Amino acid sequence: MHERKASIVHINITDFAAAVAIAKQPRLAGRPFAIALEGSARRVIITTSRTAWQEGIRVGMPVSTAQRMLPDLEVLPPDTQSAAKADSAIASLVASYSPDIQCDKGGHVYLDMKGTDRLFGPVLDSALRIRKDIREQLGLEGAVAVASNKLVAKIGTRAIRPCGLAHIREGEEASFLAAQDVSLLSGVGPAIARLLSVAGITQIGQIAALDDNQVIAFLGRRGLALRDAARGLDTSPLQKGVMDKRYIQRKVNFAEPILNLTELKAGVFAAGEDAGLQMRLDGMSCQAVQICLFWSDGRTSEATKRTKGQWVYDFEIEDALFQAAQQAMGRRVRILAFTLKLFDLGPALKQTDLFIPEILHKQDSLQQAIDEVRRRFGPGILTHATALCHGN
């Protein structure tokens with residue numbers, strides 16, 4: 001493979017929500033605190049401060065359990081507005097170093113610094129300055145890595161977090177990854193981690209050493225992509241722009257104009273499943289959905305639904321989309337088509353196996369099984385019964 005010069009910089013503000021809370025309220029520095037949604041019947045920890053983590057508090061742990069373990073634990077609600085401002089501030093700051101940036105929610109930013117040497121000097125020096133600027137101007141301490149591709153740069157920041165600088169030189173990707181824990185490799189979730197543990201595989205290099213036949217026998221054909229990642233192979237480009245401005249959209253044109261709510265629901269469910277599958281394959285969740293109806297008289301109507309948490313599963317997305325569709329109806333004119341959009345995207349918040357509520361564990365397992373079948377045989381092979389009446 002043609003090696004690419006190490007010009008990708010990844011910035012990772014560890015425990016971003018907690019870091020933003022400390023930057024906003026310095027009194028929290030050094031204190032054990034956690035962030036959890038308000039009003040939930042069974043509240044769980046979304047993020048912990050470093051001090052709380054050192055005291056044994058973990059993401060996904062029920063708040064009641066955490067408070068029994070640590071009585072002085074302070075529990076705060078999510079401050080999405082401050083987090084969004086911090087994300088925007090980071091994006092503005094790094095944009096002065098390179099026009100090629102990918103700004104994801106939660107304090108994750110990628111820059112391609114190729115060709116910037118004349119302006120800023122070596123890429124490693126730029127990475128140091130960026131880290132210093134973020135710390136001094138925004139009060140956020142993070143891990144920064146320089147590598148030849150996004151995958152290796154991301155693992156670099158995860159390996160050194162909560163802070164520091166990693167430089168993975170061109171040609172040294174595989175040797176760097178070899179000794180890293182398999183849990184740092186994207187695509188290794190709880191189920192795969194358990195399977196690898198049973199086989200005695202604890203380091204990324206052990207996956208990289210498997211040949212094609214061994215991988216297929218052990219992990220199936222999808223495992224080949226995981227093995228290639230373990231070898232540091234990644235050609236994915238930067239998805240330029242800020243996460244808040246990215247979205248997943250689907251459009252459905254009806255074969256004949258419809259007036260029946262059941263037919264609209266079928267189309268919404270089918271398109272929603274397809275959009276949700278793409279979102280989960282990207283490791284994302286959404287906080288908002290929108291539907292726009294196109295009427296036979298040339299007019300349009302739209303409605304939006306939002307959540308303070310996150311939507312990940314099909315049933316959540318379908319329900320929100322159908323509520324939006326019902327809200328957008330309000331006319332007795334036939335519908336020609338509709339578009340739906342999943343937006344306010346962000347990394348899907350995963351809960352640890354140890355503390356995950358049983359109902360959520362079942363939902364997650366079922367959704368993963370459905371997604372796997374759709375990936376192998378196509379989205380239409382398995383669908384909600386409501387969508388079966390939706391014509392081509």
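Being a predicted model, the structure only gives us computed values, none of them experimental. For the numbers below, each heavy atom of this structure counts, side chains included, while hydrogens, waters and symmetry mates do not.
The minimum heavy-atom distance between D79 and K24, with the atom names listed, is OD2-NZ, 2.9 Å. Listed here is the closest heavy atom pair of A89 and L138: CB-CD2, 3.7 Å.
When only modelled atom types and interatomic distance are considered, S285 and W311 share no side-chain donor-acceptor pair under 3.5 Å. A donor and an acceptor atom, one from each side chain of D274 and Q278, are nowhere located under 3.5 Å apart. Looking only at atom types and distance, the side chain of E173 has a donor-acceptor partner in the side chain of S148 under 3.5 Å away. Neither side chain, D100 nor S98, offers a donor N or O lying under 3.5 Å from an acceptor on the other.
Formation of a donor-acceptor pair under 3.5 Å by the T307 side chain with backbone atoms of A288 is not found in this model.
Screening V268, L340, T339 for a side chain to side chain contact (heavy atoms under 4.5 Å, CB included) with R250, the sole residue that qualifies is L340.
Contact check for D181 versus I204: no side-chain heavy atoms found under the 4.5 Å cut-off. By the 4.5 Å heavy-atom criterion applied to side chains, T157 and H108 are not counted as neighbours. Side-chain contact check for T235 versus N149: every heavy-atom pair is 4.5 Å or farther apart.
A salt bridge is absent between D234 and K150; no separation between the charged side-chain nitrogens and carboxylate oxygens falls under 4.0 Å. K341 and E302 are not joined by a salt bridge, as no carboxylate oxygen comes within less than 4.0 angstrom of a charged side-chain nitrogen. Using a 4.0 Å cut-off between charged side-chain N and carboxylate O, D212 and R227 make a salt bridge. Under a 4.0 Å N-O distance rule, the pair R50/D15 does not qualify as a salt bridge.
Checked against the 6.0 Å centroid criterion, the rings of Y97 and F120 qualify as a close aromatic pair.
Counting heavy atoms of neighbouring residues, nucleotides and ligands inside a 6.0 Å radius, atom CD of Q81 does not exceed 12 of them. Counting non-hydrogen atoms of neighbouring residues, nucleotides and ligands closer than 6.0 angstrom, the CZ atom of R299 reaches no more than 12 such neighbours. For W53, the CH2 atom is loosely surrounded, since the number of other residues' heavy atoms within 6.0 Å does not exceed 12.
Linking ILVMFWY side-chain heavy atoms closer than 4.5 Å, directly or via other members, places L259 and L336 in two distinct hydrophobic clusters.
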